[in-house]
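Take a look at the structure set out below.
All residue numbers refer to positions in the sequence shown, counting from 1. All figures in this text were calculated on a predicted structure; none of them were measured in a lab. Values below: all heavy atoms of this structure, side chains included; hydrogens, waters and symmetry mates excluded.
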Amino acid sequence: MKEHGSSLANLDLNLLVFLRELLRARNVTRAAERIGVTQPTTSAALARLRRHFDDELLVRRRGGYVLSPLAVELAAQIEPLCEAAERLFTTAPFDPATTRREYKLLMPDYVLDAVGEAVSRALYAQAQGAKLHVMLVTGALPSDAVEALRLIDGLASAPTARLKLSGLRCAELFRDRWVCVVDADTVPINRTRLETAELERRPWVVPHHPGGDYPPTAPLAPLMMALAVNPEVAVRVDSYRATPHFVAGTDRVAVIQERLARRFANRTDLRILEYPGEPEPIVECLWWHEKHETDPAHRWMRETIRAAAQNSGP
């Protein structure tokens, strides 16, 4: 990188906007569309940035561009810098009724089924102009949770050790409990609880189970390991909401969250039964990066989501 003696006053700070979008999009045309300027204007800005940093930044490869090593470093710095600048120059207090902010949330399908509609209604009631980008957790949590949450607004997850990290904050969203779902024809009509022996005997439908025995990362591992007999895992499926579909017409059992099970309560071919004993409650939390802690727009979002989630129980 070249040494520059110019002061901040002599720099064109508009280049920060171009730099951020170029690093995000890795494409001049898409960056121009996001900023709302012409492609030649963005190309000229990229040329100025290349001269300033004495680096290509976007390196042409087959099929597109990739970030240079320096650009990767800049990408980690530009987001918090631009966000801080935006907050600095936003003098008016945050007003949900006028905001156009987009909130990016990452959550499993179970949480979406349990509280998604309530959250949507609550946010819309106060901020009709706000936008949502809701992404599904499709397996394991991001390997670098701190960096992932730096780029989005929140993650819904149980309080696992992988998230109890410096730089992350959390608040409880809601609590739930485990129940059993079985085919209605496999239990007497007056039954309200499944016995432990039946849990051990029946084959299971298990969501997000990576295979093998009962790895601690699997959501149901603590329940399965507490049984005297290891149950057979007959169906593994990468979705919570899909589990009851593999119970109907079989002798299988799915152990799922009550809030999700209630979505299937009107099906006459399925029965929801109490889980034997007193398993630990399910706790779901909202996690966010510490950089959002004092942001009024973010604080409003997480308080609204928590209130909606806690008021939407079965």
Extract all donor-acceptor atom pairs below 3.5 Å that involve side chains of residues 104-111 and protein atoms in other chains or at least two apart in sequence.
| from | atom 1 | to | atom 2 | distance (Å) |
| --- | --- | --- | --- | --- |
| D109 | OD1 | Y240 | N | 3.2 |
| D109 | OD2 | S239 | OG | 2.6 |
| D109 | OD2 | Y240 | N | 3.1 |
| D109 | OD2 | R241 | N | 3.4 |
| Y110 | OH | D176 | OD2 | 2.7 |

Nearest heavy-atom pair of [X] and [Y]: which atoms, and what distance?
X: V247; Y: D183; answer: CG1-N, 3.5 Å
X: A254; Y: T243; answer: CB-CB, 4.1 Å
X: P231; Y: L199; answer: CB-O, 3.9 Å
X: A242; Y: V237; answer: CB-CG2, 3.8 Å
X: R302; Y: L286; answer: CB-CD2, 3.6 Å

* To do: Identify whether the distance between the nearest side-chain nitrogen and carboxylate oxygen of R259 and E284 falls below 4.0 Å.
  => no
Nearest 0.5 Å, please: how far is [atom2] in [Y] from [atom1] in [X]?
X: L49; Y: F18; atom1: CG; atom2: CZ; value: 9.0 Å
X: E21; Y: L46; atom1: CD; atom2: CG; value: 13.5 Å
X: C180; Y: E274; atom1: SG; atom2: CD; value: 8.5 Å
X: M224; Y: N230; atom1: CE; atom2: CG; value: 8.0 Å

* Give a yes or no on this: more than 12 heavy atoms of other residues, nucleotides or ligands lie within 6.0 Å of atom CD of E280. => no
Excluding sequence neighbours, so at least two apart, what forms side-chain contact (heavy atoms from CB on, under 4.5 Å) with [X]?
X: V235; value: V205, F246, R252
X: T196; value: E200, L227, P276
X: A171; value: W288, R306
X: V146; value: D144, L165, L168, H289

Under 3.5 Å, side chain of [X] to main-chain N/O of [Y], donor-acceptor pair present?
X: E198; Y: E195; value: yes
X: T99; Y: P96; value: no
X: E290; Y: S166; value: no
X: H292; Y: I152; value: yes
X: R61; Y: V66; value: no

For [X], which residues count as a salt bridge (Lys or Arg N to Asp or Glu O under 4.0 Å) partner, sequence neighbours excluded?
X: R267; result: D269
X: R50; result: E56
X: R271; result: none
X: R263; result: none

* Looking only at side chains, do R202 and T186 share a donor and an acceptor under 3.5 Å apart? -> yes
* To do: Output all residues satisfying side-chain hydrogen bond (donor to acceptor under 3.5 Å, both in side chains) with E303, sequence neighbours left out; order by chain, then residue number.
  => none
* Report the C-alpha separation of I272 and R262 in whole Å, then their side-chain angles, then the decisive distance to 0.1 Å, and conclude whether the side-chain contact (heavy atoms from CB on, under 4.5 Å) test is met. => CA-CA 8 Å; I272 301 172; R262 295 302 173 193; 4.1 Å; yes
* Decide yes or no on side-chain contact (heavy atoms from CB on, under 4.5 Å) for C170 and L163, but give the supporting numbers first. => CA-CA 9 Å; C170 79; L163 293 173; over 6 Å; no
* Restricting to pairs with a member in residues 249-287, which pass ring pair (Phe, Tyr, Trp, His ring centres under 6.0 Å), not counting sequence neighbours? -> H245-F264
* Asked: Which pairs count as salt bridge (charged side-chain N to carboxylate O under 4.0 Å, His left out) when at least one residue sits in residues 128-137, sequence neighbours excluded?
  -> none
